[in-house]
Protein chains: 2
Amino acid sequence: MVTRADVARRAGTSTAVVSYVVNDGPRPVAAETRQRVLDAIAELGYRPNRVAQALRGQRSRVLGLIVPDISNPFYAELARVIENSADLLGYTLVLGNSEQDAQRELRYVRTFLDRQVDGLFLISGSSSEELMTLSSEVAIPFVLLDRRINYAPNAYLIATDGVAGAKTATRHLLDLGHRRIAALCGPAKMPSERAKGYIEAMREAGLEPRLYHSADFDRASTYELAKVILGDEDRPTALFATFDLAGISVIRAATDCGMQIPRDMAVIGYDNIQEGLYSTPRLTTMSQPTEELGTLATRHLIGLVEGQITRTFGMRLLTPQLVIRESCGMKELGKRA
Amino acid sequence: MVTRADVARRAGTSTAVVSYVVNDGPRPVAAETRQRVLDAIAELGYRPNRVAQALRGQRSRVLGLIVPDISNPFYAELARVIENSADLLGYTLVLGNSEQDAQRELRYVRTFLDRQVDGLFLISGSSSEELMTLSSEVAIPFVLLDRRINYAPNAYLIATDGVAGAKTATRHLLDLGHRRIAALCGPAKMPSERAKGYIEAMREAGLEPRLYHSADFDRASTYELAKVILGDEDRPTALFATFDLAGISVIRAATDCGMQIPRDMAVIGYDNIQEGLYSTPRLTTMSQPTEELGTLATRHLIGLVEGQITRTFGMRLLTPQLVIRESCGMKELGKRA
DNA sequence: TTGAAAGCGTTACCAT
DNA sequence: ATGGTAACGCTTTCAA
């Protein structure tokens, strides 16, 4: 391995000067010396050792990303955006899959801390209390993503406004003439802003909300639940799936039950994963601005890390957009019900 | 930050002894002393600094994973498996999206090297020559995944046998009675084992292969291409999509052209991404054993890193399994053509 | 069985 | 403008 000492020797100077040249400071270097150093670096193919830099300084230029499951399309997409933005700003990403498990999540946080990451992106499955404890323990900046947690006043969150989005979705169903509208949510133990928005919209319309909870956020369990919902005598005429993956499962389950979306039931999703643009029927959904979410989060976190920003708490809520495709049908369908 | 010196002070011993206790060696420690150290560690909440360990020793316990695109479902799934296996063995994963770009790929390799990763997983878009150069430059172990490259005798590859898989897929179409069978491949500049297998199977059947190349591996470009294929007067009766994402695009495009899969065209994919189990129709495909691929790769790489294995070149080819679902239809459909 | 100290590659302060 | 050197937290050899 080529070290700074090798460069210094070759350039006939000291390691300090090499450092000044490499880092363009903090001391000036004579033009001629600088050139000798530059030449030596090029000839030797010298590259600074990031580990040594991290140990010496306090900055590693590594950011941690903890997601529930990288194979979930929405998180994968978000991860892509974040990795990209981080890379652009000179940061490397370490990845952890928490599997919705607070224990695992905490373990990753500690592991990453041990590795001196400069900051943390957290798509957390933890409760507010756990998060509170966490944020008081963790000395580095972190930003919460996507999942809105009720009480974490000492954290910063970037997400779409789930309550507003769910209301828009529900109202779209209402506008289409539906009255018996149910919501397919994730596990009951995970508090959901989207369920809340749905309930509010229903109440405002004088309707009784009906909530279904899947065992998990994956395809298999939402598909199972969808079959149950579809098999119900008193089946709803419209369904708000609080995440697209569930919406896709419903479409598939409907076909398997000899029904058709939207003819037999209107379905609206949330997230706008790519898959929904290619499903049959195409999934109407509340679109999360993934690109924006990811870049904002990255910029905020790095801003915090580099001290250009000091706002470590609060929320940045983006408004999801209704994207009308094919899974909700026309007004007549709703009326008929 | 609590350091080893703090622990030593608290336990009334030296930093060396703390090290012996923490690492369970290389020297024995008196039971009583050990206990004092353990107590001090617990009281102080001391955790070893991984960065310092990495700098001192040569091991960082970090592995790099370079994928073309983490938002591609197949890679996301593979990444999940790899992260999981690596984590189980005490390794952390850093992630890079190469976007099929050899330049970017190389940049990530260097960045990760600067960060002293112990090993590299590479789903490479580079040519054999580039890879050869790379492997001679790179001093750490690495394993190639999924993409089989013709000439990289100094690398180790784990993948499914694309030639065999493609042949199986093509023969399945042949068995169904199809004769006009085309293949939808990725970009023409990316050499494809799967295309090769398809061509061989066609030739063996005395048939003329027909290849289509999409601009990219993503949904948008495969969808565009699918429309072209479907719009062709002389359209094939069956299509081998060399990756599931393309197969899904074809299904969607068919519907948009007023056709139906499998009635108007049989489609078989490759990969077995989850999405194919939920599409309408469900996608018949060549299943890659993602779990096995990922764990094998991780075990091999870590085995190499830890010196338990010395086999740094060769191939481990798994056989993909034909998974018959709904997108190819019955024998009659092929015959009719 | 334990302690002292060198050294991993960097940075930045104190000298010169 | 530049060189010498201490320090970041850890591991391990050498001595005791």
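A note on names: the letters A, B, ... follow the listed sequences, proteins ahead of strands, and every chain is numbered from 1.
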remark   = To the nearest angstrom, the CZ-P distance between B:Arg61 and D:dT11 comes to 12 Å
ask   = So, is A:Gln53 near the phosphate of C:dG9, with a side-chain N or O under 4.0 Å from OP1 or OP2?
value = no
query = Using rotation axes that map the C1' atoms of four end pairs onto the next four (five pairs an end), what angle separates the end axes of the helix from C:dT1-D:dA16 to C:dT16-D:dA1, to 10°?
reply = 50°
ask   = So, are A:Arg61 and B:Asp114 salt-bridged, with charged N and O less than 4.0 Å apart?
value = no
query = To the nearest Å, how far apart are B:Arg115 CZ and C:dG9 C1'?
reply = 15 Å
key: For atom CZ of B:Arg34 and atom P of C:dT2, their distance in whole Å   = 10 Å
Throw together a table of side-chain donor-acceptor distances under 3.5 angstrom for residues 75-82 of chain A, partners on residues two or more places apart or in other chains.
unit_1  : atom_1 : unit_2   : atom_2 : d
A:Tyr75 : OH     : A:Arg147 : NE     : 3.4
A:Tyr75 : OH     : A:Arg147 : NH2    : 3.1
A:Glu77 : OE2    : A:Arg80  : NH2    : 3.0

Could you write out each protein N or O paired with an N or O of nucleotides 13-15 of chain D at a distance under 3.5 Å?
unit_1 : atom_1 : unit_2  : atom_2 : d
D:dT13 : O4     : B:Tyr20 : OH     : 2.8

query = What nucleic acid atoms does B:Arg50 come within less than 4.0 Å of, heavy atoms only: base, sugar-phosphate, or nothing?
reply = nothing
ask   = So, are A:Asp39 and A:Arg10 salt-bridged, with charged N and O less than 4.0 Å apart?
value = no
key: Euclidean distance, atom CD of residue B:Gln116 to atom C1' of C:dC8 [Å, nearest integer]   = 9 Å
key: Between C1' of D:dC8 and CE of B:Met1, the distance in whole Å   = 10 Å
inquiry  = Distance check needed: C:dT11 C1' versus A:Asp24 CG, whole Å only.
reply    = 15 Å
inquiry  = Are the side chains of A:Arg59 and A:Val305 in contact, using a 4.5 Å heavy-atom criterion?
reply    = yes
request  = Take atom CD of B:Gln58 as the centre, draw a 6.0 Å sphere, and report whether it contains more than 12 heavy atoms from other residues, nucleotides or ligands.
outcome  = no
task = Identify which nucleotide among D:dT2, D:dC10, C:dG3 has an atom closest to any side-chain atom of B:Ala52, counting heavy atoms from C-beta outward.
result = D:dC10
request  = Examine distances only and state if a side-chain atom of A:Thr290 and a backbone atom of A:Gln288 form a donor-acceptor pair shorter than 3.5 Å.
outcome  = yes
key: Minimum side-chain heavy-atom gap A:Phe121-A:Thr298 below 4.5 Å   = yes
query = Just checking A:Val22: base, sugar-phosphate only, or nothing, at a heavy-atom cut-off of under 4.0 Å?
reply = nothing
key: Among C:dT2, C:dT11, D:dG9, the nucleotide that comes nearest once only the side chain of A:Ser19 is considered   = C:dT11
ask   = Picking from C:dT11, D:dT2, D:dG9, which would you name as closest to the side chain of B:Leu55?
value = D:dG9
message = Closest-nucleotide mapping onto DNA chain C: is B:Gly57 or A:Asn23 further toward the 5' terminus? I mean the 5' end.
response = B:Gly57
query = Once you round it to whole Å, what is the distance between P of C:dG7 and CZ of A:Arg4?
reply = 16 Å
inquiry  = Can you say whether a donor on the side chain of A:Arg56 sits under 3.5 Å from an acceptor on the base of D:dA7, or the other way round?
reply    = yes
message = Contact between A:Thr160 and A:Leu293 at the side-chain level, heavy atoms closer than 4.5 Å - yes or no?
response = yes
query = Does the distance from a Lys or Arg side-chain N to an Asp or Glu carboxylate O, for B:Asp101 and B:Arg107, drop under 4.0 Å?
reply = no
inquiry  = Under 4.0 Å from OP1 or OP2 of D:dC8: is there any side-chain N or O of B:Asn49 that close?
reply    = no
inquiry  = Once you apply a heavy-atom cut-off of 4.0 Å, does A:Thr15 come out as touching a base, just sugar-phosphate, or nothing?
reply    = base
message = Can you measure B:Asp6 atom CG to D:dC8 atom P for me and round it to whole angstrom units?
response = 11 Å
request  = With heavy atoms under 4.0 Å as the rule, sort A:Thr3 into base, sugar-phosphate or nothing.
outcome  = sugar-phosphate
task = Output yes when A:Glu137 and A:Arg110 qualify as a salt bridge under the 4.0 Å nitrogen-oxygen rule, no when they do not.
result = yes
